[in-house]
Amino acid sequence: MKFIQLHKQALKSSAFISLLLILIVILTTTFFKIDFNYLYFSILLFFLFISVYFVFKIHTQKFIYGLLKKMNKLTPFEDEFSLHENPLETDFELFLKKFQNFAQTKHLEIEKLHNIDGFRREFLGNVSHELKTPIFTAQGYLLTLLDDDFKDKTLRKKYLERANKSIDRLNFIVKDLDMISKLESNELGLNIKSFNLIELIQGVFDLLEMKAKKRDVELSFNKNYDIPILVNGDIKRIEQVIINLLVNSIKYGSINGKTTVSIEPYIHQKILVKISDNGEGIKEIHIPRLFERFYRVDQSRSREQGGSGLGLSIVKHIVEAHNETILVKSEYGKGSEFSFTLKKVE
Ligand code: ADP
């Protein structure tokens with residue numbers, strides 16, 4: 001332990017003052033040729049030395065103790081830090097280290113709050129940007145229809161349909177936002193049960209049949225899965241994951257393309273569900289940010305395909321809420337493979 005070595009400092013100070021005094025006395029007595037009693041002077045010097053030593057020590061001790069006490073109050077150290085005034089046997093180095101750690105933690109906390117604030121601002125900006133487009137589109141059509149001079153009946157229907165499509169999009173974005181906020185605040189409790197994964201995926205294939213047909217995309221398993229594969233999870237949420245990944249493979253897959261789902265064994269009684277397409281693929285620089293809210297590789301293409309930019313973020317939240325992992329591999333121009341793990345029923 002390194003205690004504050006006050007007595008050393010006090011000794012040094014009194015020695016310095018005594019030497020200074022000796023020097024002044026020698027110089028003045030020789031210069032003014034004064035007769036001087038060196039015996040009295042030595043006794044005086046001795047008492048001066050002792051008093052300077054104690055005055056210095058006691059005052060500095062009080063001063064440092066006061067400062068440490070104030071600092072100790074400012075920094076609520078987790079473990080109580082003991083300060084002792086008499087003698088001042090505080091381990092100063094330990095105190096400084098604790099103070100440094102405290103300052104560092106506070107610095108990190110402030111940085112984190114800045115980041116959160118940045119995310120919040122970015123998120124609000126993104127939300128308003130996303131909502132603005134369909135609102136203005138719907139409003140534009142409705143204002144045109146409200147015009148007294150507007151008489152064309154066929155155009156009226158067309159404009160109403162377009163306004164309705166914008167409202168649908170608005171509804172879709174708000175639903176995704178609602179889901180994200182529930183997932184982020186852990187409001188969406190999981191209802192974990194065992195279910196047959198093959199049946200679930202086949203159901204999603206049927207659900208998306210029309211959508212896939214529109215872009216001539218073929219949805220299929222990599223092989224025949226004759227026996228059920230039982231997994232544990234929240235069936236509704238896992239269905240959402242599969243829908244989002246399959247919809248993306250249709251949206252960003254090539255026309256006449258192929259989306260294949262395969263189920264492979266994985267470590268620790270887990271299986272890996274792989275969804276691969278031979279679509280446009282994703283450049284490597286985009287991969288790390290792919291699961292961020294509102295992140296899109298190609299803004300206009302995503303909007304044109306009706307995406308909210310929240311699909312993959314929802315996928316990640318659901319998979320991680322199950323304590324599972326989501327993985328992505330992609331080669332630009334060749335295709336992408338999204339996969340996630342699930343726990344097998346033993
Ligand atoms: P979006 O609503 O834009 O589809 P997502 O969060 O689902 O939002 O996806 C984010 C971005 O990732 C998309 O805009 C798209 O650029 C890219 N992406 C997702 N899936 C694929 C895929 N299978 N092939 C190529 N790009 C994809």
Side-chain angles (χ1 to χ4, degrees), residues 119 122-123 125-134 137 165-166 168-184 201 204-205 207-208 211-212 214-220 222 237-262 272-321 325-340:
F119 284 139
E122 195 185 307
F123 181 65
N126 281 330
V127 170
S128 55
H129 184 75
E130 286 306 316
L131 298 181
K132 237 168 28 192
T133 320
T137 313
K165 207 172 159 196
S166 290
D168 272 350
R169 175 152 174 74
L170 211 56
N171 194 17
F172 170 71
I173 296 170
V174 171
K175 267 192 195 155
D176 272 2
L177 278 172
D178 189 43
M179 168 85 89
I180 281 268
S181 77
K182 280 185 178 145
L183 283 165
E184 287 189 350
I201 296 171
V204 180
F205 279 170
L207 189 82
L208 298 176
K211 204 176 180 71
K214 271 191 195 160
R215 287 180 56 85
D216 270 327
V217 174
E218 187 195 328
L219 304 176
S220 63
N222 65 324
R237 307 283 162 236
I238 298 298
E239 183 183 36
Q240 180 78 62
V241 168
I242 298 166
I243 291 176
N244 287 11
L245 294 178
L246 281 177
V247 166
N248 277 354
S249 82
I250 298 170
K251 285 195 302 191
Y252 307 106
S254 43
I255 306 236
N256 257 322
K258 199 166 158 39
T259 296
T260 312
V261 179
S262 60
L272 192 68
V273 187
K274 268 189 192 172
I275 293 161
S276 341
D277 64 62
N278 57 352
E280 62 190 47
I282 305 156
K283 283 185 187 157
E284 215 175 316
I285 48 154
H286 298 291
I287 304 273
R289 300 197 59 193
L290 219 53
F291 295 96
E292 281 177 23
R293 294 177 301 195
F294 296 112
Y295 187 80
R296 284 133 157 173
V297 172
D298 181 346
Q299 298 276 349
S300 53
R301 178 142 163 71
S302 158
R303 284 214 186 86
E304 171 201 304
Q305 296 294 334
S308 66
L310 296 168
L312 286 182
S313 180
I314 290 175
V315 163
K316 189 170 192 273
H317 271 101
I318 296 178
V319 171
E320 287 179 354
T325 318
I326 173 105
L327 306 158
V328 56
K329 271 195 229 162
S330 191
E331 201 173 328
Y332 186 59
K334 286 209 165 159
S336 315
E337 180 191 285
F338 286 84
S339 51
F340 62 96

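First listed ligand is number 1; within each ligand, the first listed atom is number 1.
Ring orientation note: the planes of F294 and F123 are tilted relative to one another, at an angle of 30° to 60°.
Taking a cutoff of 4.0 Å between a charged side-chain nitrogen and a carboxylate oxygen, E292 and K316 do not qualify as a salt bridge. Contact check on E130 versus R293 returns no salt bridge, with no Lys/Arg side-chain nitrogen under 4.0 Å from an Asp/Glu carboxylate oxygen.
Of all atoms in ligand 1, numbered sequentially from 1 with element shown, those under 4.0 Å from a heavy atom of Y295 are 10 (C), 11 (C). Listed by number with element, the atoms of ligand 1 under 4.0 Å from a non-hydrogen atom of R296 are 3 (O), 14 (O).
The closest side-chain heavy-atom distance from K283 to V297 is not below 4.5 Å. With a 4.5 Å cut-off on side-chain heavy atoms, R237 and M179 count as touching.
Under 4.0 angstrom from ligand 1, the non-hydrogen atoms of I282 all belong to its side chain. Residue contacts with ligand 1 for H286 are absent, since no atom lies close enough (heavy atoms, distance under 4.0 Å). Residue-level proximity to ligand 1 for F291 is absent, since no heavy atom of it falls below 4.0 angstrom. With a 4.0 Å cut-off on non-hydrogen atoms, L245 does not touch ligand 1 at all.
Residues meeting the salt bridge (charged side-chain N to carboxylate O under 4.0 Å, His left out) test with K175, sequence neighbours left out: none.
Atom 8 (O) of ligand 1 has its nearest heavy-atom neighbour, among G281, G309, G335, S330, in G309. Comparing heavy-atom distances from atom 18 (N) of ligand 1 across F172, Y332, Y252 singles out Y252 as nearest. Counting heavy atoms only, N248 comes closest to atom 19 (C) of ligand 1 of the residues N244, N248, L246.
Looking at D277, its side chain never comes within 3.5 Å of a backbone N or O of G335 through a donor-acceptor pair.
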